[in-house]
Amino acid sequence: MQQDPLSPSRQGHVLSEQEILRRQALDHLKALGIDPYPSSAFQRSHSTQEIHTTFKDEEAASWTSVSLAGRLMSRRIMGKASFAELQDATGRLQIYLNRDELCPGDNKDLYNEVFKKHCDIGDWVGVRGRVFRTQVGEISVHAEEFVFLSKALRPLPVVKRDEEGKVYDGFTDPELRYRMRYVDLVVNPEVRQVFVQRSRMIEVMRQFFNRNGYLEVETPVLQPMYGGASARPFKTHHHTLDMPLYLRIANELYLKRLIVGGFEGVYEFARDFRNEGMSRFHNPEFTMLELYVAFQDYHWMMQQTEALLEEIALALHQKSTLQVGSHTIDFKAPYRRVTLYDAISEKVGSKVDAMDEEGLRLLAKKHSIEIDASMGRAKLLDTLFGELVEPHLIQPTFVTDYPVEMSPLAKAHRDKPGLVERFELICNGKELANAFSELNDPLDQRERFEAQLALGRRGDPEAMMLDEDFLRALEFGMPPTAGIGIGIDRLAMMMTNSASIQDVLFFPQMRPERNDV
RNA sequence: GAUUCCGUAGCUCAGCAGGUAGAGCAAUACACUUUUAAUGUAUGGGUCCUGGGUUCGAAUCCCAGCGGACUCACCA
């Protein structure tokens, strides 16, 4: 298209017709002596929500001067009168502009030029006037003053909703929504709601932990040695120290050092990084809550966890049950507890507790589960559980007592040889939390690390590194401790009934855009 | 990483037995002083993701690439 010389294009981007028109509107506003980007503060008396909830018709006489600010989301111009909708953080409110009341004198520019011609959907404006109810019953603000707060140069998608809330011309392309979350948030109010709920969920958790006297702490994101989980890390380099550093895959080992140091309850909402595949359940960076409490064990941690989740559900939904996909899930405590062995045995109809590797292999074959020769007994159990049991655990369930080979940081079971005191909380067929009575025997921990090293030598890319400083800390003595990690994004997905992790992250990881932003 | 599907106007989409692009909303102009998916009339707006190929002719068919969605596999 022909480029208007008054409207410089951005690098590598040809302006659309609507962008050119908006730039011209900007110039017209300036010519009228209006600053499209004023610096002075705009004093608001109310939010749109406050007006909606507190205005009463019989008190209309006292609502003669309110001021509100927001983004213009629609305009209905009918000659000398117009309606428009203003959206702020709390919602939308209709404003009514009447030419002769907005412009009592001879100069009608403010209405005819500024509002009708140079104002666009997406612009930020401020309005002062009186509250009233229209003939159709809509609470509105009758504008006596109208000021520009910020001009939008790009057209916003115009999403319309009818009386039943049916959406027309929705802004739905997932790629555009994730890449331009700012636009998504403006036009899709339910998106904002998801993130408000996520924030509220974390607030409830923080209150729960603080109330119990645990200390919120911060530990290194850049670690010389990654640990605390089995995953491939992101690697970077520190120039001054000339050494490799890893972005943490977990903070477990640091929090336990703090327990050694004498804190009796520590927690951190940790951003962790794992250099692995992406899917609707996986983002390269994600948030995990880790909590460690001295003098407690995993039984206590189960009680704590179910109390926490029930509290979150109640805070977000005013009831313990919520709809997640096609299931109704009840977070009311207590939750079912079942051992890993029993969970599998129930499903396959024969006891797996004493089965050896060969028996498990036959079992896997019988259920046509793919296995390979390198799998040991623990891995086979894990696979059987993941294939046969986990997808069917819809209601919150604590699965307990895992083989020691799968859990190098968990304490040996007090009376079941070969197992550790560990539980995973499964909900809606997915793992929500992982917890143990923490291993505090430094000699046992060293042996576990060495077993991991052996796995690494055999080529397991996720085998743990041996953390000599962590062992030194344990050798100074760590009290018996219960610890847990909760996937915050997964929990947020569940609590907001979101199908994808991208829906609970403001800016999910995407491939870079190529050109022409 | 593998499979399937998708990429056309600012947004949502149609167009695909190959003949050179269409709707609604948004935009522009006019009318309209309580409308609400406002309405009426008129108008403008497109490297049809990119690059090759087949063809007289490609948005449409073929190949490759880029981006996205979905399902699957590992991990939270």
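It should be emphasised that the depicted structure is a prediction, and the values quoted were computed from it without experimental measurement. Protein chains get the first letters and strands the later ones, always in sequence-line order, with residue 1 at the start of each.
- Counting non-hydrogen atoms under 4.0 angstrom, Arg179(A) reaches the backbone sugars and phosphates but no base.
- If you check distances only, the side chain of Thr172(A) never reaches the base of U12(B) with a donor-acceptor pair under 3.5 Å.
- Straight-line distance from the CD atom of Glu19(A) to the P atom of A26(B): 19 Å, rounded to whole Å.
- G68(B) atom P lies 15 Å from atom CZ of Arg181(A), rounded to whole Å.
- For Tyr96(A), whose side chain is taken as the heavy atoms from C-beta onward, the closest listed nucleotide among U36(B), U33(B), C11(B) is U33(B).
- Residue ring and base: Phe286(A) counts as stacked with A76(B) (centre distance below 5.5 Å, interplanar angle below 30°).
- A close approach under 4.0 Å does not occur between any side-chain nitrogen or oxygen of Arg76(A) and OP1 or OP2 of U35(B).
- Per the geometry, CG belonging to Asp184(A) stands 13 Å off C1' belonging to C11(B), to the nearest Å.
- You'll find a donor-acceptor pair under 3.5 Å spanning the side chain of Gln94(A) and the base of U35(B), going by distance alone.
- When heavy atoms are screened at a 4.0 angstrom cut-off, Arg99(A) is found touching no nucleic acid atom at all.
- Distance from the side chain of Ser279(A) is smallest for C74(B) among the nucleotides C74(B), A76(B), U35(B).
- Looking at heavy-atom distances under 4.0 Å, Val158(A) makes contact with sugar-phosphate atoms alone, never a base.
- Among the nucleotides U35(B), A76(B), G68(B), the one closest to the side chain of Ile501(A) is A76(B).
- Of the C1' atoms belonging to A37(B) and C11(B), the separation is 14 Å, rounded to the nearest Å.
- Rounded to a whole Å, the CD atom of Glu175(A) is 15 Å from the C1' atom of C70(B).
- Between the P atom of A38(B) and the CD1 atom of Ile95(A) lies a distance of 15 Å, rounded to the nearest Å.
- Nucleic acid contact for Phe132(A): base, since at least one base atom lies under 4.0 Å from a heavy atom of the residue.
- Here Glu387(A) does not pair with Lys347(A) in a salt bridge; the nearest charged N to carboxylate O distance is not below 4.0 Å.
- At whole-Å resolution of the value, CD in Glu113(A) and C1' in A29(B) are 13 Å apart.
- One N or O donor and one acceptor, one from the side chain of Gln18(A) and one from the base of A26(B), sit under 3.5 Å apart.
- Nearest to the side-chain atoms of Leu21(A) among the listed nucleotides C32(B), U71(B), U28(B) stands U28(B).
- The separation of C72(B) from U4(B), taken at their C1' atoms, amounts to 11 Å, rounded to a whole angstrom.
- In summary, Arg280(A) and Asp503(A) do not engage in a salt bridge, as defined by a charged side-chain N under 4.0 Å from a carboxylate O.
- A distance of about 29 Å separates the C1' atoms of A2(B) and A59(B), rounded to the whole Å.
- In this structure, U50(B) forms a base pair with A64(B), meeting either the Watson-Crick or the G-U wobble geometry with both donor-acceptor distances under 3.5 Å.
- Nearest nucleotide to the Lys117(A) side chain, out of U35(B), G10(B), C30(B): C30(B).
- Using a 4.0 Å heavy-atom distance criterion, Arg280(A) is classed as a sugar-phosphate-only contact.
- Minimum atom distance to the side chain of Lys160(A) is reached by A37(B), of the listed A76(B), U33(B), A37(B).
- The side chain of His142(A) sits closest to U34(B) out of U12(B), A26(B), U34(B).
- In this structure, of U35(B), A73(B), U33(B), it is A73(B) that holds the atom nearest to the side chain of Glu387(A).
- For A27(B) and G19(B), the P atoms lie 34 Å apart once the distance is rounded to whole Å.
- The side chain of Glu431(A) approaches A76(B) more closely than any other nucleotide in the set U34(B), A76(B), A69(B).
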